[in-house]
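Okay, so here's the structure we're looking at.
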Amino acid sequence: MPRGAFSAVALTAALSIALTSCSSSSGPATGTGTAAAKGLVVGVTSDPDTLFPWKATQFQAVNVLQNLYGTLTEFDKDLNVVPGLAESWETAEDGKTLTLKLRQGVTFADGSTFDSKDVTSSLGKIMDEATAAVARASLSSVKSVEAPDPATVVLNLTGPDAALPANLATVNMAMLSSDDTEEELNTTPNGTGPFTLSKRVPSQSITLARNDTYWGGEKPKLPTVEFRVIPDESSIVAAMQSGNVQLAVFNDPLVAQTAEGGGTITVTKTPQLNYHVLQLNARNRDLKDVNVRLAIQCAIDRRQVLSTAALGEGEVTGPITATAFKSDPNKRPCPNRDLTKAAEYLSKAGKSGGVTVKTIVSQGEYATSVNEAQNLKAQLAEAKINLELEVLESGAFVDRWVAADFDAAVALNGGRPDPDGSYGRYFTSKGNLNKVAGYSSPELDKLFAEGKATTDQAARKAIYDQVAAHLEENAAWIWLFSGYTYTATTAGVQGFTPMANGSLQYLRTTSAS
């Protein structure tokens, strides 16, 4: 399927929305005496598949929800951990308790007061396996949560957890009102973030309104932010050129070049911690044999994938992309394509005649997916490995992915500044996404436990180097490359800061004129 391919009906609808529709949030603002602030329209390629933050994995859902909900800690623009709903925290000398002091005067969108009861409720539910929260493994060191008073929360730990403050900063750890349910929040989000939900038109748009009671020192400048669904990045460029969209984040470097070439759109290029990957389910069919997985690893030229799908915009990566813990991609069984070794591995597996790997691909969540899949298919065919591609729309892909209903998946995963947050939930035997990862081992369980319990940075780096080596030597997944995001803005948009983790949290500081 060619890049950006979708039905004629969808194309007509997208162009109609992009070129002829003008949202009230982007129209002229009027007020008494002086002009009111102007709203912002953000072009996105798909609708959020959930509005419940504890289960959000789709990029579009995360980008919306992080503007509706608050977390105990946050990342600043440089991905340092800074205070959020917890204005401070202190770790005991023995590392077995983490005490958080909460902000006072914070309210949810419905006007109810945020306090320690909501924190103990939220953390308890995230830890409950029945909730199916995607960040549950990040709280594996937490034995219990206490609230000695409305402004204090104490986390009792099994031992030191160096990753915990950073893990608390993701929207999958959003603090919810103890009175709310998943069913209610999927319809009416109720957070402490800089914006509240104003209106949703399924598959067309979702509009946020400024939260005038937001606890942050500076209130959001934008009265509204509309995320408008336009299923193709090139059509988003057309919408920006016509003035109907003011901001978008592109994955496709060719689209970014086109946008910038028009002269009316400014594009900012930001290196990302995310990584493009061929995920292998080592519990399925032929992939149970490590030799088959190693054959796949040796048969792929990662630079060719990068060049073909992303115009060479990025770098070949190992498993860990976090700057302080970065893996060396040359330390893998086949750092360069080696079809002879691939054939040897297939022979060891008793599969000299070849194998077929059923592979799911997302159409719409990010722009380069289909091109990546097609290039991987062509390369692997030369090694008698047939990637049988099934291209799915974003929501269907996420459903299949969460259910681990695939042999392989062409995916773009978000990266984090701490490796435990990136991979602890995937590659530990009790990780809540281990079913999706398809691989675990006692050695990895031990290494991840050591990584959390160690506070010395150099020692942690050495531990995660061992994690990366184990993942590569067993070809758990096939890591390909890390790329860029391209933030496009029209004239008059100011104050937005792109981040290396892809977050849109700085919509809270953005203005439009």
Side-chain angles (χ1 to χ4, degrees), residues 275-310 312 314-321 327-361 368-391 404 406-413 426-427 437-441 443-444 466-483:
Y275 53 92
H276 298 250
V277 62
L278 179 63
Q279 296 181 336
L280 303 180
N281 188 339
R283 299 189 178 106
N284 267 20
R285 303 184 332 128
D286 291 332
L287 295 178
K288 292 178 181 178
D289 192 323
V290 65
N291 291 299
V292 173
R293 302 196 304 271
L294 286 167
I296 295 172
Q297 185 191 89
C298 288
I300 293 174
D301 182 340
R302 293 165 177 80
R303 294 196 180 279
Q304 186 185 124
V305 180
L306 173 60
S307 176
T308 301
E315 62 179 8
V316 171
T317 187
I320 298 174
T321 59
S327 303
D328 182 353
N330 291 313
K331 293 182 177 179
R332 55 178 31 133
C334 284
N336 299 303
R337 192 185 195 209
D338 191 330
L339 290 178
T340 300
K341 278 192 177 181
E344 290 173 359
Y345 281 124
L346 279 183
S347 180
K348 286 181 183 179
K351 299 290 182 181
S352 295
V355 296
T356 293
V357 180
K358 295 182 178 180
T359 306
I360 59 173
V361 185
T368 61
S369 57
V370 174
N371 275 6
E372 288 174 36
Q374 290 176 335
N375 183 257
L376 289 168
K377 179 179 176 68
Q379 289 196 46
L380 289 170
E382 296 179 23
K384 299 181 181 179
I385 299 166
N386 174 34
L387 285 194
E388 189 176 285
L389 302 180
E390 184 179 2
V391 181
F406 58 85
D407 292 342
V410 177
L412 172 62
N413 277 12
Y426 284 113
F427 291 114
Y439 182 86
S440 64
S441 71
E443 182 180 346
L444 281 179
Q466 294 179 65
V467 168
H470 184 98
L471 292 172
E472 295 276 35
E473 288 163 7
N474 289 277
W477 293 350
I478 312 300
W479 282 268
L480 301 170
F481 67 92
S482 289

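To the nearest 0.5 angstrom, Asp338 atom CG is 7.5 Å from Glu344 atom CD. Note that CD1 of Ile478 and CD1 of Ile300 are 5.5 Å apart. Values are rounded to the nearest 0.5 Å. Rounding to the nearest 0.5 Å gives a distance of 11.5 Å between CG of Leu294 and CZ of Arg332. Between the CG atom of Leu376 and the CG atom of Leu480 there is a distance of 5.5 Å, given to the nearest 0.5 Å. Leu471 contributes atom CG, which lies 12.5 Å from atom OH of Tyr426 (distance to the nearest 0.5 angstrom).
Side-chain contact between Arg302 and His276: absent, with no pair of heavy atoms (C-beta onward) separated by less than 4.5 Å. Between Asn375 and Lys377, every side-chain heavy-atom pair lies at or beyond the 4.5 Å cut-off. Side-chain atoms of Leu280 and Val292, non-hydrogen and from C-beta on, never get closer than 4.5 Å to each other. A 4.5 Å side-chain heavy-atom check between Thr359 and Val410 finds at least one atom pair inside the cut-off. Counting only heavy atoms from C-beta outward, the side chains of Leu346 and Asn291 never approach each other to under 4.5 Å. Residues Asn281 and Phe406 are in side-chain contact: their nearest non-hydrogen atoms beyond the backbone lie under 4.5 Å apart. Contact annotation: the side chain of Ile360 never approaches that of Asp407 to less than 4.5 Å [non-hydrogen atoms, C-beta and beyond]. Contact of the Gln279 side chain with the Asn413 side chain is registered, since non-hydrogen atoms from C-beta on lie closer than 4.5 Å.
Counting only distance, with no hydrogens or angles, the side chain of Glu315 and the backbone of Ser482 share no donor-acceptor pair below 3.5 Å. Of the possible polar contacts, none joining the Ser347 side chain to the Ala343 backbone as a donor-acceptor pair under 3.5 Å is found. Counting only distance, with no hydrogens or angles, the side chain of Thr317 and the backbone of Phe481 share no donor-acceptor pair below 3.5 Å.
Counting non-hydrogen atoms of other residues, nucleotides and ligands closer than 6.0 Å to CZ of Arg337 gives a total above 12. Atom NZ of Lys358 is surrounded by 12 or fewer heavy atoms from other residues, nucleotides or ligands within 6.0 Å.
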Next item on the list: Please lay out, stage by stage, how Asn386 and Val355 fare under the test side-chain contact (heavy atoms from CB on, under 4.5 Å).
Entry: CA-CA 6 Å; Asn386 174 34; Val355 296; over 6 Å; no
Next item on the list: Any chance you could lay out the side-chain contact (heavy atoms from CB on, under 4.5 Å) test for Leu380 and Ile296, step after step, and finish with the verdict?
Entry: CA-CA 7 Å; Leu380 289 170; Ile296 295 172; 4.1 Å; yes
Margin query: Applying side-chain contact (heavy atoms from CB on, under 4.5 Å) to Glu472 and Gln297, what does each step give before you reach the verdict?
Written below: CA-CA 9 Å; Glu472 295 276 35; Gln297 185 191 89; 3.5 Å; yes
Notebook entry, point to check: Could you go step by step and tell me if Leu339 and Glu382 meet the side-chain contact (heavy atoms from CB on, under 4.5 Å) rule?
Noted result: CA-CA 8 Å; Leu339 290 178; Glu382 296 179 23; 4.1 Å; yes
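Using modelled atom types and a 3.5 Å distance limit, the side chains of Thr368 and Glu372 yield a donor-acceptor pair.
The two atoms that bring Gly318 and Pro329 nearest to each other are N-CB, 3.8 Å, heavy atoms only. In terms of heavy-atom proximity, Val361 sits nearest to Ala373 at CG2-CB, 3.6 Å. Between Ala342 and Ala383 the shortest heavy-atom distance is CB-CB, 4.4 Å. Closest approach of Arg283 to Ser440, counting heavy atoms only: NH2-OG, 3.5 Å. Closest heavy-atom contact between Ser441 and His470: OG-NE2, 3.1 Å.
Checking Lys351, Arg293, Lys384 one by one against Asp286, the salt bridge (Lys or Arg N to Asp or Glu O under 4.0 Å) holds for a single residue, Lys351.
Under the 6.0 Å cut-off for aromatic ring centres, Trp477 and Tyr439 do not qualify, their centroids lying 6.0 Å or more apart.
Between Lys331 and Glu473 there is no salt bridge, since no side-chain nitrogen of the basic residue lies less than 4.0 Å from a carboxylate oxygen of the acidic one.
Between Tyr275 and Trp479, the two ring planes are tilted [angle within 30° to 60°].
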